[in-house]
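Here the structure is a predicted model, which is why all the values come from computation and not from measurement. Whatever order the structure lists ligands and atoms in, that order sets their numbers, starting from 1.
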Amino acid sequence: MMSKSFATVNPCSMCMPMGSVLVFRGNEGCMPLFHGSQGCSTYMRLYLAHHFREPVDIACTALSEKGAVYGGAANLMQGLKNVIKGYNPKVIGIATTCLAETIGDDVPQIVREFQAQEPLAKDVTIVSVSTPSYAASHEVGYRVALKGLVQTMARKSEPKGQINGRINILVGSIISPADVRFLRRFLDDWGLEYILMPDISETFDAPLSQDLPLIPRGGTPLDDIRDTANSKATLTIGGWVQEPGAGDYLEKEFEVPHIALPLPMSLEFTDRLAANLEDLTGLCMPESYERERGRLLDTMVDAHKLLSDVKTAVYGDTEMVLGITSIMAELGMRAQIVATGAANPAFAENAAELAPGSKVMMGADFSQIAAEASRRDIELMVGPFTGRVVARKEKVPLLRVGLPNHDRYGASHQLFLGYEGSMHLVDCMANVLLEGKEKKVQHE
Ligand code: SF4
């Protein structure tokens, strides 16, 4: 059900350009640049730095009143020059904020002019995406940035039709650096040749070192991004209910077959990833993961007596919410509210199937989630920390999952993907629920 409210009080989503930063920062030598007002980049830098506990640089063209009236071309050109001189990036990812979108700057045209007249631009790839926050959420910003990178950089190798034998693994929605590291391990143990993008495993979770590079090390190598056009297939992990993105573009433009999958959270969704990899490669899942699968089943049997029939509210990013709802259904939990801030009808359809009888909300605001939570006697909430006000009011425990998470440590290390990650999720839900019960007893 789409929100019918005429005013947003406390949205269950974030700004569209913020999603683009999570993609741009997952690629080798890439520097994000916002075209728009300075406050937007300050807010998003802080927001991401609090979540990942890492410094996050986002350059900005700092449009002022003059730029807002006469157009921001001069600011954008100067901004590009400054970023090249100051950061020496290999790629600049430009995302627009509401102001630049409202005044209607033609960013691709300004970039073309810059590339034609500025010698500094010759060794830098510039990707620009349109991210008006008043039109869509951070999830859409993430999707358009991933597509924009592939559109700008993927190239068919010569002679035409030559295939590199690799599989593109596109991370289609926001997951933690630990989840990305898990995906790499899973694919390596399988013995696969693959291209994974974006890769935030190091760029948002770097080891402590004495030197602090201006642009973090790691990320998907740029040659790999170019080579995505020559792969034998694409799997978008966490692209199940998303509108056409990078994988669809590669299929349409370069005939690379594309399969969109849910995030591998829960038994069923992880099995689905494994089955697709088996089909694509003709190889069986490694024995160690069969044993992990067995451990997940054992964990579910153990926790079932505590978790079954528990009434829950799940909210946050579409793919993450569907993954969590799936494991709740497997455990016999009763998801009563399944909500996202994104406007995504495919999400609503699948959420209703996974949790029959629940209140499914898209374009959700926390004020609506709060009203519904009191009506439905919720016992556990699962989602980003932004739901804590509702949890406090309803006196129910909250398991913090996904972005943003500002009031707890370890967001980068939360592993919820695969059989192992699903096992953690079950343990965490059980423990948070038990702690909540203990607190209640202490206060009685
Ligand atoms: S809503 Fe628009 S103006 Fe406000 S912070 Fe987000 S991008 Fe900037």
Carboxylate-amine/guanidinium proximity below 4.0 Å for Arg184 and Asp199: yes
Crowding at CD, Glu118 (>12 non-hydrogen neighbours, <6.0 Å): yes
Residues that Arg400 engages under side chain to side chain donor-acceptor pair (under 3.5 Å), provided they are two or more places apart: Asp407
Distance filter under 2.8 Å, centred on atom 6 (Fe) of ligand 1 - protein N, O or S atoms that pass it: Cys15 SG
Sole residue of Leu33, Leu80, Ile84 in side-chain contact (heavy atoms from CB on, under 4.5 Å) with Ile126: Leu80
Phe52: partners by ring pair (Phe, Tyr, Trp, His ring centres under 6.0 Å), with sequence neighbours left out: Phe204
Sequence-distant partners of Phe347, ring pair (Phe, Tyr, Trp, His ring centres under 6.0 Å), two or more places apart: none
